[in-house]
Amino acid sequence: MTPEQLEQIASEETAARARNPRRLSVCMAAGCISSNSDAVKKALERAVAGGPLKDACPVTGVGCMGLCSRGPLVSTEPAGVLYQNVTPEDAGEIVGAVSGPAVERLQCSRELPFFKRQVGVVLENSGQINPERIEDYLAAKGYAALVQALTEMRPAEVIEQVSRSGLRGRGGAGYPTGLKWSTVAKARAETRYVICNADEGDPGAFMDRSVLESDPQRVLEGMIIAGYAVGASRGYIYVRAEYPLAIARLNTAIRQAKHLGLLGSQIGNTEFAFDIELRLGAGAFVCGEETALIASIEGGRGTPRPRPPYPAQAGLFGAPTLINNVETFANIPPIIRNGGDWYAAMGTQRSKGTKVFALTGKINCTGLIEVPMGMSLREIIFEVGGGVPEGRKFKAVQTGGPSGGCIPEQFLDMPVDYDSLAQAGSIMGSGGMIVMDDSSCMVDVAKYFMEFCMSESCGKCIPCRAGTAQMYDLLAKICEGRAALDDLAMLEDLCDMVKNTSLCGLGQSAPNPVLSTLRYFRDEYLAHIQEKKCPAGVCACGMKQEAGS
Amino acid sequence: MPPTLGKASPPSEDKRWKIVAATMRRHGFSRNALIETLHTVQQSFGFLDRPSLEYVAQSLRVPLSKAFGVATFYHFFSLKPPGDHTCVICLGTACYIKGAPQLLAEVEQSLGIKQGETTADGHVSVLTARCVGSCSLAPVALFDSEVAPRLNAVEMRGRLARWMPS
Amino acid sequence: MNRVRLATVWLDGCSGCHMSLLDMDERLLDLADRVELVYSPLVDHKEYPEDVDLVLVEGSVSSEEDLHKIRKIRRQSKILISLGDCAVTGNVPAMRNPFKTAEVLRRVYVENVSVESPTPNQVVPALLARVRPVHEVVPVDVFVPGCPPSADTIFWTLTELLEGRRPDLTGKTRFGA
Amino acid sequence: MTPAVSDVKTLQIDGIDVSAQADQTILDAAREKGLSIPTLCHLDGLGDVGACRLCLVEIKGTSKLLPACVTRVEEGMEVTTQSERLLKYRRMTLELLFAERNHVCSVCVANGHCDLQVLGQAHGLTHVQFPYRYPKLPMDASHDRFVVDHNRCVLCTRCVRVCDEVEGAHTWDVMSRGIGSMVITDLHQPWGESDTCTSCGKCVQVCPTGALFEKGKARLVAKSRDFLPYLAMMREGK
């Protein structure tokens, strides 16, 4: 299909919208579906069909609207009203109000800081378009960036824009994306690959899932542009088997993109060819690590191998391979459309652009947010997130999942960017933010993450395999009130050793949750050890006594 | 291409093996398709057993021990048949700090089995998940893939009771 | 006169380490000039004395009685030496650890006997759930691995200690030696 | 054949000037010079996996410790193989191994011929600070000639690699993961029932501990590994 034909689809779609601006959008992302939004959508369809708006007000399923804790969410156009906690019984009332005053009882203010403080780049279409219709995406400037890249830019120019944007890998480590792309592009090889890491494994993180469920075409477009830039003609999306909805929508998106000639040969009527295949993960956190992910796509056990050589030099099937995560690819189309400088104008000196966070735990507005880099933790948690519920006291926010750490109150005014988080003993990670109040025990939290790392360790290298098991045993001993101060010293020794000697990132970062809680909440460890009591009342200290200890 | 390529015979006459064979064919009987094929087997039969692993390994020319190594490396694959119903407790961080351990204890106690086990009558399996991504509705559990949001012990018992034969 | 007060203790072990100790042969006489043996299974002492300078502990901590003993020994001794693999690693006695105590007792006293032999409950002290090396129970000052450590190793270790030095056993012995 | 000048790299290992070919690893270069770096998963003639972490070395200018067995030499590299820190980590690594499974040297068939035992002794390991884990592990004596005792296995995967790379049978692999990992034959069947095992015995010879041993030969002979580099060399036609 030629660029002109694509543009025509987009303008037809826009024109159709203009002719009939009335529309009801129901959030059909995983969160709202779990709160029964499916039934709400059906009820709305029935209410429309049985009333004066019959055939005049389409009811569309859209992607994530963000405020998951108040789902199911429904929005109306043209008024732009947002309804929360909608039940099927509310359908008639909502349909009746499409052209009149809003149903106040159900209304969720768009003026909430939760919405006002957000900036949509990755999530610009999320909750706006139907993720199962490529026409919706095209009407929202979709694939304009790809056409622009293919017809107006040389691969090196595409990489130049990505470099100028200052975009850093959103999977956790924050490696400069432009640099990665140019390394792959420069590698001498016949074949190169592009991999999208959608094996979002951090517990408490669902950013990638949401992007895939809400705007899958955006990820495909980012990957195709990457393929063009680095000279690859094949891409893989490695997605968690635990995300069936995301998989289904990706499959639909790939099929539709192929149908319009956006995947396959002669993309956009040029010589460029690119194909994308899905590969399902099978429940192994370690496969988020690049070399383990590659081993898994090759059909083997997901065990990492020492680097160098880096995947950019020798990756999938031995060929130079570009691996970025979902959010990184999702940033690419707007960067190409608006230019790298536009993107670099957002964020901080060393962390450009925006970041998507999954805000969960003991916080009022749980859900998905996108804010500029550099916003303070206090703003994110207490303004955007609405603070800690039930009048309880904020204790810590956990970022970066099992590789991250717990950040205490004294750092709340710290700007959120890669470097500040690292300085505070945590990491940006993929974007999970779990807020904890005074009812959480930080030793128990450390034990929780160590259990995670122990059972997710691939077992290849000794420090991670046996070290995490020893550390877990020590943490359990502390929680049960059976530990002595020597055990704490041994735990710290092990943290240092496992961090410095493990083969891959999983082991190297496994001690982080322990180290950060030891750094800021050492008194809680000491209370368990010396007074045999858990200040938060979570651990059953002294309940389990082993003979001879 | 060796002559035996794709010629290993399926363990039984069951029609579902045709779906498995189709997956392998789609990938040109490439060794790289081992995980994809195991996904299809598990989707079709609910679990992986020895005969199925042997069939897949031979068809794709993957060493038997490698196939077994892969099948046991990934926790999504199960070598035991699941119960008629499956209850998956999410142990993601958000669920954990909002009471998932208590939910797990509750379900283990009321069914008399541990996580990863199936009741003796094969009726209910209890599993745990690392994170199902419904953190904003924590704590959650999946009852036969249906997400139950903001779950408490009472509701948990109610849900389980619905599965019990009347 | 000012002889060093030496004790040797036999917990759960085969007594091989004590045999090795006796293998020092004539060197025992040299030692006798410098130490006073205040407690040992080799001589007839009833109570572990106060103020022991050096104690050689053979065997792992396997029963309630061992536990009680080793705590007392630690309290009443200046330098505690784990002698031999049982004391240092748990060794053979600890091979029962992967099993439950009841399973082990049933195997030994019920399944593997031909004549009637009830499970003892009075004479044999209650077994701990887990056999432990000494240092998992009380702090240990010097470790002398080996099964058993050779007489030379034991003699050298004791000589170093008597000279007021902390023996460095690197390369001198090993687990299973 | 003399390598071209550009293929030769000069570097320093523990302050000693060393020259090596460009494709050599730090381990090769060090050992050629008579400098010892401890290894466990490495074995001449087998592909390297960098898993045991005993050969980690410090390289000036890099904050990360790198495994000598897979890290290539570079011009001007300054390598430290023995530092307080490295020795401490190596000791801890060995202690973790001793505590992981049931290594009872006194009654082990490999007593006196065991790489783990030798490494422990060389590193002054007089006791293990970590609590022993005492897992319940099986032993499989179903094979006519050989036995696998998982209590002694250190998961170095030398058996897996020799069976795959040299014998070409791939009877062995690793199952499960993390602390629950275990080497298996075929579909985790008794070794004696394995259809793929050729009974060549290479796995037994390369096993560093008493995990794999020959029946009736306990304590009698040390294992023989000299055949490996020769086989590898012949294969590659060097």
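Chain letters run A, B, ... following the sequence lines, proteins first and then strands; every chain starts at 1. Everything numeric in this text was worked out from a predicted model, so none of it was measured.
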* Under a 4.5 Å heavy-atom cutoff, which of A:C458, A:C464, A:G467 has the most pairs with chain D? -> A:C458

* **A:P306 versus D:G50, closest heavy-atom pair with distance** => CG-CA, 4.1 Å

* In terms of heavy-atom pairs under 4.5 Å, which option from D:L54, D:V49, D:L66, D:V70 contacts chain A the most? -> D:V49

* D:I179 versus chain A, the contacting section by heavy-atom distance below 4.5 Å -> both

* Asked: Roughly how far apart are A:L503 CG and D:C52 SG, rounded to 0.5 Å?
  -> 10.5 Å

* **ring pair (Phe, Tyr, Trp, His ring centres under 6.0 Å) involving A:F452 - partner list, sequence neighbours excluded** => A:F285

* Proximity breakdown for A:M490 and chain D, heavy-atom pairs closer than 4.5 Å -> side chain

* **Largest heavy-atom contact set with chain A, pairs under 4.5 Å, which of D:V174, D:L97, D:L65, D:L56** => D:V174

* Under 4.5 Å from any heavy atom of chain A - which part of D:M175 -> backbone

Chain D and chain A: which donor-acceptor pairs fall below 3.5 Å?
from	atom 1	to	atom 2	distance (Å)
D:R53	NE	A:T501	O	2.6
D:R53	NH2	A:S502	O	3.3
D:K88	NZ	A:D493	OD1	3.2
D:Y89	OH	A:D496	OD1	3.2
D:Y89	OH	A:D496	OD2	2.8
D:Y89	OH	A:N500	ND2	3.0
D:E100	OE1	A:R465	NH2	3.0
D:E100	OE2	A:R465	NE	2.7
D:P131	O	A:Q470	NE2	3.0
D:R133	NH1	A:D473	OD2	2.8
D:V154	O	A:R465	NH2	3.3
D:V174	O	A:R301	NH1	2.8
D:S176	O	A:R301	NH1	3.0
D:S176	O	A:R301	NH2	2.8
D:R177	NE	A:S455	O	3.1
D:R177	NH1	A:G283	O	3.1
D:R177	NH2	A:S455	O	3.4
D:R177	NH2	A:E456	OE1	2.9
D:R177	NH2	A:E456	OE2	3.2
D:G178	N	A:S457	O	3.0
D:G178	N	A:C458	O	3.1

* Asked: Do you know which of D:C41, D:G180, D:A51 has the most heavy-atom pairs with chain A at a distance under 4.5 angstrom?
  -> D:A51

* To do: Could you tell me which portion of A:L494 (side chain, backbone, both or neither) has an atom closer than 4.5 angstrom to a non-hydrogen atom of chain D?
  => both

